[in-house]
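Let me begin by presenting the structure, written as structure tokens, before commenting on it.
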There are 2 protein chains.
Amino acid sequence: MSNTGGRRKPPTIHDVAREAGVSRGTVSRVLNGGHYVSPTAHEAVNAAIRKTGYVVNRHARSLITGRSDSIGFLLTEPQERFFEDPNFNVLLRGCTQALAAHDIPLLLMLAGTEDERRRITRYITAGHVDGVLLVSSHSGDPVAQELCEAGVPLVACGKPIGLGSKVSYVAAADRDGARDMVRHLLSLGRRRIAVVTGPLDTPGGVERLAGYREVLAEEGIEYDERLVVSGDYSRASGEAGAERLLAQAPDLDAVFVASDLMAQGVLTALERAGRGVPGDVSVGGFDDSSAALAARPQLTTIRQPYDRISAEMVRVLLAQIGGEDPAAVILPTELIKRGSA
Amino acid sequence: MSNTGGRRKPPTIHDVAREAGVSRGTVSRVLNGGHYVSPTAHEAVNAAIRKTGYVVNRHARSLITGRSDSIGFLLTEPQERFFEDPNFNVLLRGCTQALAAHDIPLLLMLAGTEDERRRITRYITAGHVDGVLLVSSHSGDPVAQELCEAGVPLVACGKPIGLGSKVSYVAAADRDGARDMVRHLLSLGRRRIAVVTGPLDTPGGVERLAGYREVLAEEGIEYDERLVVSGDYSRASGEAGAERLLAQAPDLDAVFVASDLMAQGVLTALERAGRGVPGDVSVGGFDDSSAALAARPQLTTIRQPYDRISAEMVRVLLAQIGGEDPAAVILPTELIKRGSA
DNA sequence: CTGAAAGCGCTTACAG
DNA sequence: CTGAAAGCGCTTACAG
């Protein structure tokens, strides 16, 4: 207990064995599940562990098991998005906590530049982590590609475009969510519904637009290109997108925005244009991130179940590391009504 | 290169040695700085490394060096703040990148609950990381206390209250920043300047209030308790604080808010009360986080140099791990003028 | 400048 | 159920 200054050498399995009066093999067996150990020995070892304050040396263990018992959280998006988007935080926290429950540390890896990508790919394929939680849904991500080919267990957040079906992912039901929102806007009496999509090389970009088109078609409303612009999920792109929409289709009476952050930008542009929300224009977001509550008015939006998404990502990844086959998990979304629509 | 399915066994130092026609000791020497190695051997080893695609096994290295070559980024704040506060993101990213430049992975550690705190303290004191970047400035943080006593190299972000002077930290010049802001508000002709402080058990809470009081005293303006309330750095606490201020001191003509996020809340409350910003009331924030740009109007604020803060935290921590004494680094702030004051 | 050898702390067949 | 022993991949004095 008393550790006066400096770090002293921590006890090893050898110290525990001596204290318990057994061999190191027996201590190790207790540490690894307690199979083939007599109750007496088991107890003696546990007591010795408590007494010595023993904690396993993970390096020694990893050296022999070949596993690192750690997981990488890899972000290949441009750096700025990471700051700005509250969703990342929620995901990162959820994954860290889910892993902590398994006593597995999370290594944060940022691969923004080409150099970083190379370094990190090398690090991962060298086996320094047992698997990777991937946040990046742009198509043709070279890092994801390489990791896949190297056989590194991998779970993506959102369906990765262009990586084939052998890669695991966890995603929200984007299309259904979009459908719910557009139907909600219709139920409000809106007919000139514009849309600000996400990047069209991401599933969220493609699928949410698809949901929008589906509902319009089902209702016999003609698809009007002037009502459609794309953003990059940033607040600024939402603002710029709304400006283009107002110029192209001044008669719009609603905007479905593919992310809450972009919706914040849309609100700014509408306010500047003198359009009241929700009086003149209804605005619907997507995510139910903290941006939805920060917006004025607060955003009616589609909740992505980020808590469940992170938990499932960890579950699927650990299963895959354990030898299971890749899997895709789709989680339902929910319409959250607030002031903006 | 071609790695068809599955993870094959990576090359070891032994493979490199054989390829280069030298002993493993020589390979190791090349890996660790190249001292006492002939140019010929050096070249042969490098070529062999390239040819085999060798990457050092960090577990084996750590086992013998006793270092983990990894750093923990420890957050002991309640979880919610982590999401909401954009400053954390900037810090986390900056630290990750600064460490990446040294090829040192960052382990993200969240110690929100008592259980997590215990688990993480154990993990760290067991030597699983070489040092810790600490984000928590509440006084009497038990984790920080324990780590300090265990002799774990530690650098805090912001001066830790109650940990004595032997712990390293990097902080912005809180008091000076607050002084600059209050002087700016005075220069605008404001005289009834209110303040929403941070938690008074954090240096940011105490010091920014101190700066406010100093300037008022210097200008012969009486300190009025009704103009002072405290928040917890959250948006909601800013909103609530402004409401109390409006009730206690309806004649206020400016508010200095100790964080941008709280300032967003203040803006919401002022708007609801029908007070125009900056017409009726000038509002000054602190941080220059993304919240400052998201606010309407955009916030005049005090920039904390988070890029430099994270870089310095890493520098000081690595120095300390290398045997240097603890150090405190204070970085200057800057007044950023925008629309709110 | 270089090789042979010891040893870091653990796990895991292998005999008993 | 248990111990003795080999071995994971590396670094580092130690001789030369």
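What you see below is based on every heavy atom in this structure, not just the backbone, and it leaves out hydrogens, waters and symmetry mates.
- Between B:Val132 and B:Leu317 the shortest side-chain heavy-atom distance does not fall below 4.5 Å.
- Formation of a donor-acceptor pair under 3.5 Å by the A:Ser62 side chain with backbone atoms of A:Arg67 is found in this model.
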| message | One character per nucleotide, please: for nucleotides 8-16 of chain D, 5' to 3', B when the base has a protein heavy atom closer than 4.0 Å, S when only the sugar-phosphate does, - otherwise. | response | BBBBBB---
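- Pairing partner, D:dG3: C:dC14, with both Watson-Crick or wobble hydrogen-bond distances short of 3.5 Å.
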Less than 3.5 Å apart, which donor and acceptor atoms pair up between the side chains of residues 322-331 of chain A and the rest of the protein, not counting sequence neighbours?
none

| said: Under the criterion salt bridge (Lys or Arg N to Asp or Glu O under 4.0 Å), I'd like the reasoning laid out for A:Asp103 against B:Arg122: C-alpha separation, chi angles, the key distance, then a yes or no. | reply: CA-CA 11 Å; A:Asp103 210 31; B:Arg122 209 152 208 274; over 6 Å; no
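- The two atoms that bring A:Thr125 and A:Ala150 nearest to each other are CG2-CB, 3.7 Å, heavy atoms only.
- Taking atom C1' on both nucleotides, C:dT12 is separated from C:dG16 by 16 Å, rounded to a whole Å.
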